[in-house]
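Just below is one structure, and these are the notes that go with it.
The sequence lines fix the lettering, A, B, ..., with proteins before strands; numbering per chain opens at 1. In this text the structure is predicted, and so the values were computed from the model without any measurement.
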Amino acid sequence: MAHGSFRFTLLHTDAHCRARRSRFHTPHGAVELPTFMPVATLASVKGLQIDAIRATGTQMVLGNAYHLALRPGEKVVENLGGLHRFMGWHGPILTDSGGFQIFSLAQCTRITESHATFRSHIDGHELQVSPERAVEIQESLGSDIAMVLDHVVALPNESDVVREATERSVRWARRCRDAARREDQALFGIVQGGLDPELRQWCAEQLTELDMPGYAVGGLSVGEPPAEMYRILDATVPALPADRPRYLMGVGRPQDLLEAIRRGIDLFDCVMPTRNGRNALAFTDQGPLRLRNLQYQHDDRPLETTCPCPACRHSRAYLRHLFVSREMLGPILLSLHNVTYYQRLMTDARQAIVEDRFESFYARKMQGWQSVATTCAKQRGPA
RNA sequence: GGGGGGUUUCCCGAGCGGUCAAAGGGGUCAGACUGUAAAUCUGAUGGCAAUGCCUUCGCAGGUUCGAAUCCUGCACCCCCCA
């Protein structure tokens with residue numbers, strides 16, 4: 001499927017589940033899918049220098065239109081040569097529209113049909129983001145993939161609230177599409193619909209009519225249990241066109257990624273590897289390790305013996321020391337490890353799909369993550 | 001030698017008759033984190049057979065129904081005058 005300078009190639013679908021191996025071409029290079037985008041809200045994957053990001057196996061990063069419009073201002077970025085040049089990342093970039101901030105900054109936000117009004121969390125000034133404005137900001141930034149402005153609400157929520165937000169998201173998506181001008185930027189639609197499968201399907205159909213070069217599933221991992229999210233994916237993904245990339249926004253934990261891949265999702269982003277890394281939590285095949293914990297004080301082992309990242313050249317004891325001492329190297333190393341972990345998981349997933357063994361790959365990973373959860377429960381439980 | 005100030009739970013430090021196992025901060029321990037207002041936030045932190053009991057505010061006595069808080073003596077620390 002070609003869409004201007006963008007092309008989506010479906011290479012293989014696993015014989016035993018919906019997992020897909022595909023490729024998406026952008027003006028800044030092709031992206032092998034499924035993949036994970038580290039989050040660079042403010043044109044920075046927190047703590048990670050560009051060479052380090054590249055070394056993790058990252059292909060594409062995510063920036064944020066709302067935050068960058070606020071500071072330094074999208075025109076500043078544009079005049080400095082666009083977001084790629086500004087941040088020094090010359091691979092593909094996807095920007096989020098600010099729809100998520102309608103949810104995450106709800107206390108500072110008012111919604112009308114024409115636009116969202118934000119009270120800046122930085123200095124309190126008022127700014128309006130309409131669908132057209134969200135596109136304008138992202139065109140100034142010059143990302144390869146832009147997202148429509150959607151209306152994200154917390155879940156679970158009253159059905160009226162969810163339906164209204166979903167219907168508005170569809171209307172806003174059309175306005176975004178009509179406003180988009182750049183040939184070298186793909187605008188993705190975002191399916192809303194809360195926890196209602198029929199509303200999700202309706203939304204997917206409406207957006208499919210807009211013939212967008214890619215589709216996202218949004219409004220998940222906003223408070224609902226994981227099982228609900230998987231249920232919604234089961235209902236939503238089949239309603240999306242098979243010849244376009246599918247992006248699950250803001251998700252998630254390693255197990256969520258695999259659960260979504262086997263349901264046909266191709267693309268992810270999440271703050272979890274970087275935020276949790278900064279907060280001393282390391283992802284491993286044995287489950288998450290809380291590096292601040294006393295149990296690692298004398299632990300001479302690396303986080304993972306098979307991991308090639310710089311953090312894994314050190315002992316857990318040293319990493320713990322860095323966090324306990326509040327040394328900035330701790331958050332940097334663990335962010336690096338976690339992003340590396342996510343990318344290795346994606347690389348392995350891609351390989352498993354083309355060999356039609358994604359389900360056994362998934363089962364083995366889940367078992368590993370489970371094992372530590374069980375061990376921890378045992379340690380915490382009464383003797 | 002004379003005068004003044006001080007000694008509080010792991011540390012710093014508030015408390016100056018009951019509502020005090022004792023504010024606040026630090027440290028320590030544990031937890032949370034899903035399109036980043038997050039290198040942030042939350043909880044625990046004397047002991048125990050624990051909706052209660054026991055021990056604790058330099059040490060030893062005393063006053064009082066009741067003392068970390070008042071009195072006496074002692075120990076140690078700091079400041080000023082000799």
When all nucleic acid strands are considered with a 4.0 Å heavy-atom cut-off, which category describes [X]: base, sugar-phosphate, or nothing?
X	result
A:I332	nothing
A:S335	nothing
A:L105	base

Protein and nucleotides 39-42 of chain B: nitrogen or oxygen contacts under 3.5 angstrom:
residue: B:A39; atom: OP2; partner: A:R278; partner atom: NE; Å: 2.8
residue: B:A39; atom: OP2; partner: A:R278; partner atom: NH2; Å: 3.0
residue: B:U40; atom: O4; partner: A:N279; partner atom: OD1; Å: 3.3
residue: B:U40; atom: O4; partner: A:R292; partner atom: NH2; Å: 3.4

Using the side chain to side chain donor-acceptor pair (under 3.5 Å) rule, collect all pairs that involve residues 149-161 of chain A, keeping only residues at least two apart or in two chains. A:D150-A:Q192, A:H151-A:R168
Taking N and O atoms by type only, does the side chain of A:D150 place a donor or acceptor under 3.5 Å from a partner on the base of B:G35? yes
Is a donor-acceptor pair below 3.5 Å formed from side chain A:D96 to base B:G35, judging by atom type as modelled? yes
Hey, do the aromatic rings of A:H84 and A:H28 have their centres closer than 6.0 Å? yes
Compute the centroid of each ring, for A:H314 and then for A:H337, and state whether the two points are separated by less than 6.0 Å. no
Solution key, residues 41-52 of chain A side-chain donor-acceptor pairs under 3.5 Å, sequence neighbours excluded:
residue: A:Q49; atom: OE1; partner: A:D51; partner atom: N; Å: 3.1
residue: A:D51; atom: OD1; partner: A:R54; partner atom: NH1; Å: 3.1

Can you name the ring pair (Phe, Tyr, Trp, His ring centres under 6.0 Å) partners of A:F118, sequence neighbours left out? A:Y66
Listed partners of A:Y362 passing ring pair (Phe, Tyr, Trp, His ring centres under 6.0 Å), at least two apart: none
Tell me if the CZ atom of A:R71 is crowded by more than 12 foreign heavy atoms within 6.0 Å. no
Step through the shown structure and confirm whether more than 12 heavy atoms of other residues, nucleotides or ligands are within 6.0 Å of NE2 on A:H125. yes
Could you give the distance separating B:G62 and B:U28 at their P atoms, to the nearest angstrom? 43 Å
Is any side-chain nitrogen or oxygen of [X] closer than 4.0 Å to OP1 or OP2 of [N]?
X	N	result
A:Q101	B:A37	yes
A:Q255	B:U34	no
A:N293	B:G31	yes

Take the protein atom [atom1] of [X] and the nucleotide atom [atom2] of [N], then report the distance between them rounded to whole Å.
X	N	atom1	atom2	value
A:R275	B:G35	CZ	C1'	11 Å
A:F36	B:U36	CZ	C1'	12 Å
A:D256	B:C33	CG	P	11 Å

Is any NZ, NE, NH1 or NH2 atom of the basic residue among [X] and [Y] found under 4.0 Å from an Asp or Glu carboxylate oxygen of the other?
X	Y	answer
A:D256	A:R253	yes
A:R181	A:E139	no
A:R20	A:D266	yes
A:R364	A:D285	no
A:E74	A:R133	yes

Per A:S104 side chain, nearest of listed nucleotides B:G35, B:A37, B:U34: B:A37
Any idea which of B:U34, B:G31, B:G35 is nearest the A:F100 side chain? B:G35
Please lay out, stage by stage, how A:H121 and A:H67 fare under the test side-chain contact (heavy atoms from CB on, under 4.5 Å). CA-CA 10 Å; A:H121 64 276; A:H67 285 288; 3.6 Å; yes
Please list, in numerical order, the residues of [range] that have a heavy atom closer than 4.0 Å to any atom of RNA chain B.
range	result
residues 317-325 of chain A	A:R320, A:V324
residues 215-231 of chain A	A:G219, A:S221
residues 166-176 of chain A	none

Mind checking what makes side chain to side chain donor-acceptor pair (under 3.5 Å) contact with A:S97, not counting sequence neighbours? none
All pairs passing salt bridge (Lys or Arg N to Asp or Glu O under 4.0 Å) where residues 78-92 of chain A contributes a residue, at least two apart: A:K75-A:E78
Any ring-ring contact (aromatic ring centres under 6.0 Å, His included) pairs touching residues 257-290 of chain A, not counting sequence neighbours? A:F283-A:Y342
Starting at the 5' end of RNA chain B, which residue's closest nucleotide do you reach first, A:N276 or A:L294? A:L294
Might you list the N or O atoms of the protein lying below 3.5 Å from N or O atoms in nucleotides 43-45 of chain B, with each pair's distance?
none

